[in-house]
Asker: 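A single structure is presented below for examination.
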Amino acid sequence: MKLKSLSTKLKKTGRSKKPAWKGTALVTGAGGFIGSRLVEALVEKNYRVRALFLPGENAAGAEKLGADIIRGDITNPGSLKGIAWNADLVFHLATRVLDWGGRKLFRRLMVDGTRNLLEECRRCGSGRFIYFSSIAALGLGRPAAGLDEDAERVATGIPYGDTKIEAEDLVSAYCRAEDIPFTIIRPANVTGPGSVWVKDILDAFFRGPLPLIDGGRAPGAFVYVDNLVDGAILAARSPVAAGRTYHFRDDYDITWGQYIALLGGLIGRRPRGNIPFRLAWTMGHLLETLLSPLGVRPPMTRLAAGVMGRNNDVDASRARRELGWKSRVDLETALGAIERWVRDVY
């Protein structure tokens with residue numbers, strides 16, 4: 001009786017009602033690894049979420065969470081009409097995540113697609129535009145340890161990184177010209193259950209012997225997906241973050257060699273052999289040139305060599321200092337979640 005009375009009292013005073021919406025957030029790439037986690041986090045924080053999925057893409061998870069499902073393609077401006085109306089926040093994650101392919105393929109999605117979305121946001125008068133870039137924009141293949149957000153970006157000929165530079169410049173110039181508040185997010189190597197840096201490595205073990213690059217000595221330079229999502233939401237809501245760029249990297253003490261050995265151990269495999277960085281880079285360039293035009297995935301790419309064979313521990317202190325961001329999920333917990341995914345899903 002006491003519990004029933006308390007419940008009745010709360011209903012009468014309105015204290016049991018759902019809190020008011022914090023705002024409306026549009027998420028592109030909502031079906032991707034990061035996008036799906038972002039949608040979940042925004043719903044939990046009581047945002048009305050508008051999730052953009054490609055036609056035919058599975059949206060059951062986001063729909064179950066209560067997100068409004070929108071079908072469209074950022075390379076097709078006509079399919080974007082009205083998607084940003086009343087959107088307080090626009091999180092743009094739709095991208096090409098493969099480490100190979102022609103520059104035109106990357107540019108069509110990552111640059112032209114971003115322009116299409118920006119133009120729709122301008123027409124709709126939406127709020128802050130949060131663009132998900134990558135530390136690859138700094139230039140993979142050179143040591144990036146200690147580089148902050150103001151460091152020179154270097155084009156390397158890798159389509160993924162080079163078009164990230166183009167897209168960053170487009171977002172900055174367009175938003176400043178149209179008076180649209182914006183923030184650029186540069187994640188390090190995003191890991192977590194089902195990420196590219198988990199699934200693709202496991203797949204590689206099954207294709208054949210998986211060698212380390214440069215002895216696996218390079219730091220992993222990881223950011224766990226939930227920690228990244230925490231940072232992105234902090235940046236989206238912070239007045240200080242308007243017009244700013246932020247690196248997000250966890251201070252995990254683990255090298256690529258240790259990480260790959262741990263993943264391999266989960267499926268009874270271990271890395272075999274070693275390829276020096278320069279040789280891996282040269283092999284990647286040659287194999288991309290020969291195989292990418294044929295639509296065949298090269299067994300080695302410059303992006304893989306640059307990520308795994310160089311120190312990419314970029315400086316992420318700005319996010320900690322200006323946003324109060326920190327790694328909520330520690331390394332042990334992150335590896336435990338990955339292990340459960342491998343056991344139960346992979």
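All figures in this text were calculated on a predicted structure; none of them were measured in a lab.
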Asker: Between Asp73 and Arg71, does at least one N-O distance fall below 4.0 Å, as a salt bridge requires?
Answerer: no
Asker: Nearest 0.5 Å please: distance from the OG atom of Ser134 over to the CG atom of Leu140.
Answerer: 6.5 Å
Asker: Check Asp150 with Arg318, please: is the shortest side-chain N to carboxylate O separation under 4.0 Å?
Answerer: yes
Asker: With a 4.0 Å cut-off, would you call Asp226 and Arg37 a salt bridge?
Answerer: yes
Asker: Hey, are the side chains of Glu40 and Glu44 touching, using non-hydrogen atoms and a 4.5 Å cut-off?
Answerer: yes
Asker: Strictly distance-based, threshold 3.5 Å: is any side-chain N or O of Asp315 a donor or acceptor partner for the main-chain N or O of Leu147?
Answerer: no
Asker: Are the side chains of Tyr131 and Val90 in contact, using a 4.5 Å heavy-atom criterion?
Answerer: no
Asker: Less than 6.0 Å separating the ring centroids of Tyr252 and Tyr259?
Answerer: no
Asker: Do Thr301 and Leu287 come within less than 4.5 Å of each other through their side chains, counting heavy atoms only?
Answerer: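 No, their side chains stay 4.5 Å or more apart.
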Asker: With a 4.0 Å cut-off, would you call Lys199 and Asp203 a salt bridge?
Answerer: yes
Asker: Between Arg328 and Asp250, does at least one N-O distance fall below 4.0 Å, as a salt bridge requires?
Answerer: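 Judged by the 4.0 Å cut-off on N to carboxylate O distance, Arg328 and Asp250 do not form a salt bridge.
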Asker: Would Ile135 and Val190 show up in the same hydrophobic cluster when neighbours are defined by side-chain heavy atoms closer than 4.5 Å?
Answerer: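 Ile135 and Val190: separate clusters.
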Asker: Any ring pair (Phe, Tyr, Trp, His ring centres under 6.0 Å) involving residues 307-346? Give me the pairs, sequence neighbours left out, ordered by first then second residue.
Answerer: Phe248-Trp325, Trp341-Tyr346
Asker: May I ask you to decide if Leu54's main-chain N or O and Glu57's side chain share a donor-acceptor pair within less than 3.5 Å?
Answerer: yes
Asker: Just how far is it from atom CG of Leu170 to atom CD1 of Ile165, taken to the nearest 0.5 Å?
Answerer: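 Going from the CG atom of Leu170 to the CD1 atom of Ile165 covers 13.5 Å.
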Asker: Verify the cluster assignment for Leu323 and Phe132: are they in a single hydrophobic cluster under the rule of side-chain heavy atoms below 4.5 Å apart?
Answerer: yes
Asker: Is it true that Arg103 and Glu166 make a salt bridge, defined as a side-chain N closer than 4.0 Å to a carboxylate O?
Answerer: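 Yes, this pair counts.
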Asker: Can you tell whether the side chains of Asp68 and Arg50 come within less than 4.0 Å, N to carboxylate O?
Answerer: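 Salt bridge: no.
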Asker: Give a yes or no on this: more than 12 heavy atoms of other residues, nucleotides or ligands lie within 6.0 Å of atom CZ of Arg270.
Answerer: no
Asker: I'd like to know if the side chain of Glu149 reaches the main chain of His247, judged simply by a donor and an acceptor atom lying under 3.5 Å from each other, with no hydrogens or angles considered.
Answerer: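 Side chain of Glu149 to backbone of His247, a donor-acceptor pair under 3.5 Å: yes, one is there.
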Asker: Flag the pair Ile158 / Glu288 as yes when at least one side-chain heavy-atom distance between them is below 4.5 Å, and no otherwise.
Answerer: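 No, their side chains stay 4.5 Å or more apart.
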Asker: Is it the case that Ser172 and Asp169 place a side-chain donor and acceptor less than 3.5 Å from each other?
Answerer: no
Asker: Hydrophobic clustering (ILVMFWY, side-chain heavy atoms < 4.5 Å, transitive) - are Trp85 and Leu26 grouped together?
Answerer: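 Each belongs to a different hydrophobic cluster.
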Asker: With a 6.0 Å cut-off (strictly less than), is the heavy-atom count around CG of Asp344, excluding the residue itself, greater than 12?
Answerer: yes
Asker: Output, in order, the C-alpha distance, side-chain angles, deciding distance and verdict of salt bridge (charged side-chain N to carboxylate O under 4.0 Å, His left out) for Arg107 and Asp112.
Answerer: CA-CA 6 Å; Arg107 202 171 191 283; Asp112 297 340; 3.5 Å; yes
Asker: So, does Ser36 use its side chain to make a donor-acceptor pair with the main chain of Gly32 at under 3.5 Å?
Answerer: yes
Asker: Given the rule in the side chain to side chain contact (heavy atoms under 4.5 Å, CB included) test, do Asn76 and Leu80 qualify, once you have shown the distances and angles that lead to the verdict?
Answerer: CA-CA 7 Å; Asn76 176 9; Leu80 304 179; over 6 Å; no
Asker: Decide yes or no on salt bridge (charged side-chain N to carboxylate O under 4.0 Å, His left out) for Arg320 and Asp251, but give the supporting numbers first.
Answerer: CA-CA 12 Å; Arg320 293 182 170 87; Asp251 289 327; 3.5 Å; yes
Asker: Would you confirm whether Ser327, through its side chain, and Asp330, through its main-chain N or O, come within 3.5 Å as a donor-acceptor pair?
Answerer: no
Asker: Which atom names give the shortest non-hydrogen contact between Ser133 and Ile184, and what distance separates them?
Answerer: CB-CG2, 4.0 Å
Asker: Of all heavy-atom pairs between Ile338 and Gly192, which one has the smallest distance, and what is that distance?
Answerer: CG1-C, 3.8 Å
Asker: Do Thr255 and Gln258 come close enough that some side-chain heavy atom pair is under 4.5 Å?
Answerer: yes
Asker: Any donor and acceptor pair, going by atom type alone, linking the side chain of Glu120 with main-chain N or O of Ala84 inside 3.5 Å?
Answerer: no
Asker: Consider only side-chain heavy atoms of I, L, V, M, F, W and Y, link residues closer than 4.5 Å, and tell whether Leu138 and Met308 are in one cluster.
Answerer: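 Shared cluster, no.
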Asker: Quick one: do Leu210 and Ile260 satisfy side chain to side chain contact (heavy atoms under 4.5 Å, CB included)? Show the steps, please.
Answerer: CA-CA 9 Å; Leu210 178 61; Ile260 291 173; 4.0 Å; yes
Asker: Which residues pass the side chain to side chain contact (heavy atoms under 4.5 Å, CB included) test with Arg278, not counting sequence neighbours?
Answerer: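 Counting only residues at least two positions away or on another chain, Arg278 forms a side chain to side chain contact (heavy atoms under 4.5 Å, CB included) with Arg310.
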Asker: Quick check against the 3.5 Å criterion: does Asp162 have a side-chain atom that pairs as donor or acceptor with the backbone of Gly157?
Answerer: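 Yes.
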Asker: Check step by step if side chain to side chain contact (heavy atoms under 4.5 Å, CB included) holds for Ile201 and Trp256.
Answerer: CA-CA 11 Å; Ile201 291 173; Trp256 273 107; 3.9 Å; yes
Asker: Is the backbone of Ile74 close enough, under 3.5 Å, to the side chain of Asn116 for a donor and an acceptor to pair up by distance?
Answerer: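 Side chain of Asn116 to backbone of Ile74, a donor-acceptor pair under 3.5 Å: yes, one is there.
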Asker: What is the minimum heavy-atom distance between Gly216 and Leu212, and which atoms define it?
Answerer: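 Taking Gly216 first and Leu212 second, the nearest heavy atoms are N-CB, 3.8 Å.
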Asker: For the atom pair CZ (Phe91) and CZ (Phe129), what is the distance rounded to the nearest 0.5 Å?
Answerer: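 Answer rounded to 0.5 Å: 11.5 Å.
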Asker: To the nearest 0.5 Å, how far apart are OG1 in Thr163 and CE in Met110?
Answerer: 3.5 Å
Asker: I'd like to know if Arg122 and Glu119 make a salt bridge, using a cut-off of under 4.0 Å between side-chain N and carboxylate O.
Answerer: no
Asker: Could you state the interatomic distance from CZ (Arg244) to OG1 (Thr183), rounded to the nearest 0.5 Å?
Answerer: 10.0 Å
Asker: Has Asp214 got a side-chain atom pairing as donor or acceptor with Arg217's backbone, closer than 3.5 angstrom?
Answerer: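 Answer holds: no.
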Asker: Do Arg153 and Glu168 meet the salt-bridge criterion of a basic N to acidic O distance under 4.0 Å?
Answerer: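 Salt bridge flag = yes for Arg153 with Glu168.
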Asker: Decide yes or no for Ile275 and Pro211: does some side-chain heavy atom of the first lie under 4.5 Å from some side-chain heavy atom of the second?
Answerer: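 They are in contact (side-chain heavy atoms under 4.5 Å apart), so the answer is yes.
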Asker: Is there a path of hydrophobic side-chain contacts, each under 4.5 Å between heavy atoms of I/L/V/M/F/W/Y residues, joining Ile254 to Val307?
Answerer: yes
Asker: Taking only residues two or more places apart in sequence, or in another chain, which ones meet Ser195 in a side chain to side chain contact (heavy atoms under 4.5 Å, CB included)?
Answerer: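 Per chain and number, Ser195 pairs via side chain to side chain contact (heavy atoms under 4.5 Å, CB included) with Phe33, Thr191, Trp197, Val198.
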Asker: Atom NZ of residue position Lys45 - does it have more than 12 heavy atoms of other residues, nucleotides or ligands inside 6.0 Å?
Answerer: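 Not more than 12 within 6.0 Å, no.
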Asker: Once rounded to the nearest 0.5 Å, what's the spacing between atom CD1 of Ile70 and atom NZ of Lys81?
Answerer: 14.5 Å
Asker: Is the shortest side-chain heavy-atom distance between Leu331 and Asp253 below 4.5 Å?
Answerer: no
Asker: Heavy-atom distance under 4.5 Å between the side chains of Ile83 and Leu117, does that happen here?
Answerer: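 SC-SC contact between Ile83 and Leu117 confirmed.
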Asker: Under 6.0 Å from the ring centre and within 45 degrees of the ring axis: does the NZ or CZ of Arg269 meet both conditions for the six-membered ring of Phe205?
Answerer: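 No - Arg269 does not lie over the ring of Phe205 by the 6.0 Å and 45° rule.
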Asker: Determine yes or no for a side-chain-to-main-chain donor-acceptor pair under 3.5 angstrom, with Thr28 supplying the side chain and Leu52 the backbone.
Answerer: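 Absent.
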Asker: Applying side chain to side chain contact (heavy atoms under 4.5 Å, CB included) to Arg96 and Tyr160, what does each step give before you reach the verdict?
Answerer: CA-CA 8 Å; Arg96 181 177 170 85; Tyr160 179 82; 5.8 Å; no
